[in-house]
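Note that these values count all heavy atoms, side chains included, but never hydrogens, waters or copies made by symmetry. Here the structure is a predicted model, which means the values were calculated and not measured. Ligands are counted one by one from 1 in listed order, and the atoms in each one are counted from 1 as well.
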Amino acid sequence: MALQVIRGISQLRSVLDKHRQTGERIVCVPTMGNLHEGHMALIQLAHKHGEVVVATIFVNPLQFGLNEDWDQYPRTFDSDVDKLNSVNCHYLFFPTDEEMYPFGMDNQTRVFCPTMTDVLCGASRPGHFEGVTTVVTKLFHIADPDVAIFGEKDWQQLAVIRRMVADLCMRVKIVGAPIARDHDGLALSSRNAFISEDERPRANQLNKSLNWAREQILSGNKDYGRIEAQAKQQILDAGFRPDYFSVCNAQNLAPALDEDTDLAILGALFTEGARLIDNVQLKIER
Ligand code: PAF
């Protein structure tokens with residue numbers, strides 16, 4: 001079946017209802033488009049979780065700050081459709097801003113997940129996660145999927161969405177997909193298009209420092225504050241400005257405590273034209 005592009009909420013609901021009535025499971029992959037290999041891996045994973053795969057493309061204005069790149073965010077509809085067809089995606093929900101926010105953004109009811117959203121990326125992007133949780137809630141109400149797939153590259157986003165789903169008793173099952181990387185370890189991202197040629201050979205520094213920190217902890221170093229400071233210095237030495245570098249509890253994203261065993265190390269840095277994020281996970285024995 002060739003990809004079917006659907007722009008209206010009621011149209012999507014009626015096609016998905018027919019699938020549901022025959023017992024098929026719906027798997028949703030929310031995206032903002034400009035699809036790359038990482039997204040293709042999400043769609044391939046989606047096929048393993050159900051019979052009907054629905055990708056969504058919506059460059060959600062509610063999750064961009066006033067000084068952010070909403071208008072410059074790459075919109076590549078034709079190549080996105082080709083890519084979705086190449087991995088046998090069944091439906092693409094591609095709504096307009098008016099379809100998603102018919103009463104305007106200022107009047108939109110919001111979904112807010114406290115505590116976890118004002119740290120890390122949330123500290124430098126106030127309101128960002130409220131925009132994400134609001135649009136993801138709407139997408140879940142629209143598609144009513146059995147499963148939804150999110151990339152682990154946005155670990156904080158994934159953790160916040162898992163918390164929201166638990167807090168609001170949503171039935172959807174959230175599945176995280178491993179980070180897709182370039183040959184040198186750089187995490188694939190739509191924003192990599194804004195890395196300059198001069199910076200590109202060094203842009204994997206965040207990944208290098210995350211792996212270095214992981215090895216430090218696994219070999220018994222418990223001085224997380226010092227590890228974070230050293231990693232930030234490595235990033236500065238590579239010619240980038242670090243945003244944050246934090247050893248966290250993998251689920252609640254609070255700074256890791258001595259007794260925590262399930263950790264995530266999250267980092268972000270600024271290149272000249274982009275802000276890059278990445279993370280690694282580790283479990284430690286106590
Ligand atoms: O990760 C993204 O692309 C977006 O934050 C999402 C989940 C599609 C919500 O707009």
| What atoms of ligand 1 come closer than 4.0 angstrom to any heavy atom of Pro30? | 8 (C)
| remark: So the atoms of ligand 1 within less than 4.0 Å of a heavy atom of Val135 turn out to be 9 (C), 10 (O)
| said: Show the atoms of ligand 1 that are less than 4.0 angstrom away from any heavy atom in Gln157. | reply: 1 (O), 2 (C), 4 (C), 5 (O), 7 (C)
| query | From Glu99 CD over to Arg7 CZ, what is the distance, rounded to the nearest 0.5 angstrom? | reply | 9.0 Å
Under 3.5 Å, which donor-acceptor pairs do the side chains of residues 241-249 form with other protein atoms, sequence neighbours left out?
from, atom 1, to, atom 2, distance (Å)
Asp243, OD2, Ser124, OG, 2.9
Asp243, OD2, Arg275, NE, 2.9
Asp243, OD2, Arg275, NH2, 3.1
Asn249, OD1, Gln251, N, 2.8
Asn249, OD1, Asn252, N, 3.0
Asn249, ND2, Asp260, OD1, 3.3

Taking distance alone, no hydrogens or angles, what donor-acceptor pairs closer than 3.5 Å link side-chain atoms of residues 186-197 to residues at least two apart or in another chain?
from, atom 1, to, atom 2, distance (Å)
Ser189, OG, Arg191, N, 3.0
Ser190, OG, Asn34, O, 3.3
Arg191, NE, Asp69, OD2, 3.2
Arg191, NH2, Asp69, OD1, 3.3
Asn192, ND2, Ala187, O, 2.9
Ser196, OG, Glu199, N, 3.2
Ser196, OG, Glu199, OE1, 3.2

| What part of Thr31 sits under 4.0 Å from ligand 1 if we count only heavy atoms: the side chain, the backbone, both or neither? | backbone
| Distance from atom 10 (O) of ligand 1 to nearest protein heavy atom, with residue and atom | Gln63 OE1, 2.6 Å
| Can you tell me how far CZ of Arg163 sits from CE of Met116, rounded to the nearest 0.5 angstrom? | 5.0 Å
| Can you say whether the rings of His90 and His47 are parallel (under 30°), tilted (30 to 60°) or perpendicular (over 60°)? | perpendicular
| field | Closest protein heavy atom to atom 3 (O) of ligand 1, given as residue, atom name and distance to 0.1 Å | value | Met32 CG, 3.5 Å
